[in-house]
Amino acid sequence: MYFSDFGFDDDLMDGIDAMGYEKATPVQEQVIPHIISGKDIIAAAQTGTGKTAAFLLPVLHRLLSESHDHHSVNAMIIVPTRELATQIAQTLEGIAYYTTISFISVYGGTGGALFATERKALEAGVDIVICTPGRMIAHLNMGYVKLGGLRYLVLDEADRMLDMGFYDDIVKIISYMPPQRQNLMFSATMPPAIRKLANSILVSPVEISIAISKPPEQIMQGAFIVYEPQKGPLVKHILQQKEFGSVIVFCSSKLSVKKLYEELRRAKFAVGSIHSDLEQEQREQVLLDFKSHKLKILVATDILSRGIDIEDIDLVINYDVPHDGEDYVHRIGRTARAASKGTAYTFVTEKELFKFHKIEKLLGREVEKLPVPEQFGAAPSPAAKPAAQNGGKKRKFKKRRPGGKGPGPSPAPNK
DNA sequence: AAAAAAG
């Protein structure tokens, strides 16, 4: 199906053409007609599937083809991270270029001048607002936000937002909205908490499921089973191979990001880092530098694992094993965008083997174990299971009581 | 079990 088949507004079509969009993705094909017909939607869809345009285009089309209140916010898109808000605003800027639609992104970490600009827009009315929850609540608390004409609510990365503890914030923001509105909810996964949220805000929604929780086939996945001290030298070794262009190295904590960033910086790599301890201005600058290839390597927390679409990343390194399979899929999905090829390496220490096996289970296949180059010394055996191999080290798990009954675990004593 | 988000 082509975008010209949806009957979009002419000015909107000009923007679509200018962006080079031609064929609709499966998500777009399924979601757009329902949104145009006014239905509430709950969609299981991952990033990189064209999800953003799937909700932006029909909402824009409806705003353009129906009369709406110019002295109110008309559509609100709530997202989990500031970077995602910025990215959606950029996409919107492109496709709405030839239209009269006004929009603003509203998120924290920015100074007084920007806050005042946000306030003006929210007070005077703006067609589309893209926001993170905290900053929106700050504005709502001041009482000047005009939501009387709000007719569209989009919750993007809903599962992520709940993970981050935004449930109450979302409910609070919605409590300011008129009940007559169209609700669109997008989530990579559909755990019970998402169902609950959906039940409480969606009205007889159409359910759409496209996402299979699997990474694209064209990503070459590999894992290095290593000892912790081997990680630093190994990552430098890989980064020195000149065949890679842009690389993202994911760590599972801010501390780990900071340490690795310092180590790579001292080794004279063109490296940047991004995590929530940085000033918003730095976060944005680093991302710009990375996108413009001034920085070839970006060390990041999971702040970048979801939703962020950066072109030409050909290698993702998981310096730490991600906390769950979903995070893994999202992280490595940063590479091989738009059907290009990509490589994803994961460093797995003995401690993380169990976690990694769980991820492989979710993937439904084993990730190839790559040999650690000899110069880094002996590595743990890939077959090692934390419980099976403890080469002389202290046993970490509890000994079964001698009189213990049956094969089941004995009750753990309260320590 | 960690990240992110309001100052």
Side-chain angles (χ1 to χ4, degrees), chain A residues 47 76-88 105-116 118-119 122 129-143 145 155-173 176 187-189 191 193 248-261 273-284 286-287 298-308 318-331 334 346-349 351-359 362 386 396:
Chain A
T47 328
M76 188 182 291
I77 300 162
I78 309 179
V79 301
T81 66
R82 299 168 184 173
E83 278 70 19
L84 191 51
T86 303
Q87 179 178 289
I88 292 173
S105 52
V106 168
Y107 54 81
T110 63
L114 269 177
F115 192 94
E118 292 168 10
R119 172 179 178 152
L122 295 171
V129 171
I130 305 145
C131 61
T132 50
R135 185 66 159 247
M136 196 62 229
I137 292 212
H139 283 293
L140 286 168
N141 283 339
M142 317 267 271
V145 183
L155 298 176
D156 197 14
E157 302 278 345
D159 50 350
R160 186 60 152 196
M161 291 206 278
L162 294 198
D163 268 0
M164 289 162 63
F166 287 154
Y167 188 92
D168 292 342
D169 286 354
I170 290 169
V171 169
K172 173 151 191 200
I173 294 171
Y176 286 88
S187 188
T189 57
I248 297 188
V249 186
F250 280 109
C251 300
S252 290
S253 71
K254 288 186 272 198
L255 183 65
S256 178
V257 167
K258 290 173 193 171
K259 283 204 230 152
L260 180 61
Y261 166 70
S273 71
I274 188 162
H275 52 79
S276 66
D277 282 353
L278 297 180
E279 296 294 334
Q280 187 58 26
E281 210 174 308
Q282 291 175 282
R283 280 163 60 166
E284 282 164 22
V286 165
L287 219 47
L298 188 56
V299 186
T301 58
D302 283 304
I303 190 175
L304 278 200
S305 67
R306 298 198 185 207
I308 302 299
N318 292 314
Y319 192 78
D320 303 314
V321 175
H323 297 288
D324 60 52
E326 287 298 329
D327 282 340
Y328 178 84
V329 173
H330 278 105
R331 282 184 182 187
R334 294 317 92 202
T346 302
F347 291 0
V348 187
T349 61
K351 258 196 275 179
E352 294 168 314
L353 268 171
F354 179 71
K355 213 154 68 171
F356 192 65
H357 287 316
K358 259 175 52 180
I359 290 172
L362 181 127
K396 279 207 201 94

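Reminder, nothing fancy here: chain letters follow the sequence lines and each chain counts from 1.
Look at NZ on A:Lys351: it is 12 Å from C1' on B:dA1, rounded to the nearest Å.
Two residues are said to be in side-chain contact when any heavy atoms from C-beta on lie closer than 4.5 Å; A:Lys258 and A:Cys251 fail this criterion. Under the 4.5 Å side-chain criterion, counting only non-hydrogen atoms from C-beta, A:Glu284 is not in contact with A:Arg82.
The closest side-chain donor-acceptor pair between A:Thr86 and A:Glu83, if any, does not fall under 3.5 angstrom.
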(request) List the steps, then state whether side chain to side chain contact (heavy atoms under 4.5 Å, CB included) holds for A:Arg331 with A:Asn318. (result) CA-CA 8 Å; A:Arg331 282 184 182 187; A:Asn318 292 314; 3.0 Å; yes

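Nearest approach of A:Phe347 to A:Val321, heavy atoms of both residues: O-CG2, 3.4 Å.
DNA chain B forms no stem, meaning no run of 3 or more consecutive Watson-Crick or G-U wobble pairs whose two key distances fall under 3.5 Å.
A salt bridge between A:Glu118 and A:Arg135 is present, with a side-chain N of the basic residue lying under 4.0 Å from a carboxylate O of the acidic one. A salt bridge does not link A:Asp324 with A:Lys358: every distance from a Lys NZ or Arg NE/NH1/NH2 to an Asp or Glu carboxylate oxygen is 4.0 Å or more. A salt bridge links A:Asp327 with A:Arg160: at least one charged nitrogen is closer than 4.0 Å to a carboxylate oxygen.
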(request) Would you mind building the protein contact string for nucleotides 2-7 of chain B? One character per nucleotide, 5' to 3', B for base within reach (heavy atoms under 4.0 Å), S for sugar-phosphate only, - for untouched. (result) BBBBBS

